[in-house]
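What you are looking at is a predicted structure, and each value in this text was computed from that prediction instead of being measured.
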Amino acid sequence: MQNIEKRVIELIEEKIADREDLFIVSVKMRPNKILEILLDGDNGVNIDDCAQVSRHVGFHLEEENVIDSAYRLEVSSPGIDANFVNIRQYQKNIGRTVQVKLSDNAKVEGTLLAADNGKISILQKIKEKGKKAQEVETELPFDQIKATKVVISF
């Protein structure tokens, strides 16, 4: 399966080489024979982007006979409620409210200010009883982060 995923990543990179705004979130061959490709973009990803990648990958997988049994190819964006899995997703969401679950299961919520290779910075509102809420910038190293997702508010 690792060879399949590796080849699929090569094919996707080949297809989106001229689109610096698009990036791969994940490629997984599920046990139920579903090949799942998640794409994202700095300005989002649309149905045409997904369709083009699907056609390109599907054509080459069939042409090269990479997968020897029936499978289903699914190409989509990860969705707003999905956890972040790479640095580009953090950078894309700077300025948005996120919830971060830490290794010790503590949760931190605030505005994502920055993300680099080692850490993220979040602006939290801390409210103590009887006092005005204060904004505090908190740095969280990636090795302490279990999951991060955008907080959806209506």
* **Cluster link L140 to L113, ILVMFWY, side chain under 4.5 Å** => no
* Scan residues 41-65 for pairs that pass salt bridge (charged side-chain N to carboxylate O under 4.0 Å, His left out), counting only residues two or more places apart or in two chains. => R7-E64, R19-D49, D42-R88
* Asked: Counting only heavy atoms not in K127, do more than 12 fall under 6.0 Å of its NZ?
  -> yes
* How far apart are the C-alpha atoms of L35 and V27, what are their side-chain angles, what is the distance that settles it, and do they pass the side chain to side chain contact (heavy atoms under 4.5 Å, CB included) test? -> CA-CA 7 Å; L35 177 56; V27 173; 4.2 Å; yes
* Asked: Same cluster for I24 and I37 if Ile/Leu/Val/Met/Phe/Trp/Tyr side chains link at under 4.5 Å?
  -> yes
* Asked: Is there a path from I126 to I120 through hydrophobic residues (I, L, V, M, F, W, Y) whose side chains come within less than 4.5 Å of each other?
  -> no
* Structure fact -> Value for CD (E5) from NZ (K28), rounded to nearest 0.5 Å, stands at 9.0 Å
* Take atom NZ in K146; do more than 12 heavy atoms of anything else shown fall under 6.0 Å from it? -> yes
* To do: Examine distances only and state if a side-chain atom of D81 and a backbone atom of I152 form a donor-acceptor pair shorter than 3.5 Å.
  => no
* Return yes if some donor-acceptor pair links the side-chain N/O of K92 with the main-chain N/O of G41 below 3.5 Å, else return no. => yes
* Asked: Closest approach of F23 and N86, non-hydrogen atoms and distance?
  -> CE1-OD1, 3.7 Å
* Asked: Taking side chain as C-beta onward, heavy atoms only, is L39 less than 4.5 Å from I12?
  -> yes
* Can you see which heavy atom on N117 is nearest to which on I87, and at what distance? => N-CD1, 4.2 Å
* If you measure from OG on S54 to NZ on K15, what distance do you get to the nearest 0.5 Å? -> 11.0 Å
* **Minimum heavy-atom distance S76-C50, with the two atoms named** => CA-SG, 3.8 Å
* Side-chain contact test, heavy atoms from C-beta onward, threshold under 4.5 Å: evaluate it for Q52 versus H56 and give yes or no. => no
* Rounded to the nearest 0.5 Å, how far apart are OG1 of T148 and CG of N83? -> 7.0 Å
* What is the distance from atom OG1 of T111 to atom CG of N93, rounded to the nearest 0.5 Å? -> 12.0 Å
* Co-membership, hydrophobic cluster, residues I34 and I4, 4.5 Å side-chain -> no
* To do: Decide side chain to side chain contact (heavy atoms under 4.5 Å, CB included) for I145 and Y90; before the verdict, give the C-alpha distance in whole Å, the side-chain angles of both, and the deciding distance to 0.1 Å.
  => CA-CA 12 Å; I145 297 173; Y90 283 93; 3.7 Å; yes
* CD/E109 to OG1/T138 distance, rounded to the nearest 0.5 angstrom? -> 12.5 Å
* Asked: Only one of I67, V8, N3 forms a side-chain contact (heavy atoms from CB on, under 4.5 Å) with M29, so which one is it?
  -> I67
* Asked: I94 and I80: same hydrophobic cluster, using ILVMFWY side-chain contacts below 4.5 Å?
  -> yes
* Structure fact -> Interatomic distance, CG@L61 vs CG@L11, rounded to 0.5 Å, equals 6.0 Å
* Structure fact -> Closest heavy-atom pair, L38 versus S77, reported as atoms and distance to 0.1 Å, is CD2-O, 3.9 Å
* To do: Show your reasoning for whether side chain to side chain contact (heavy atoms under 4.5 Å, CB included) applies to V151 and Q99.
  => CA-CA 6 Å; V151 174; Q99 182 182 72; 3.9 Å; yes
* To do: Write down the atom of Q89, the atom of P78, and the distance for their closest heavy-atom approach.
  => NE2-CG, 3.8 Å
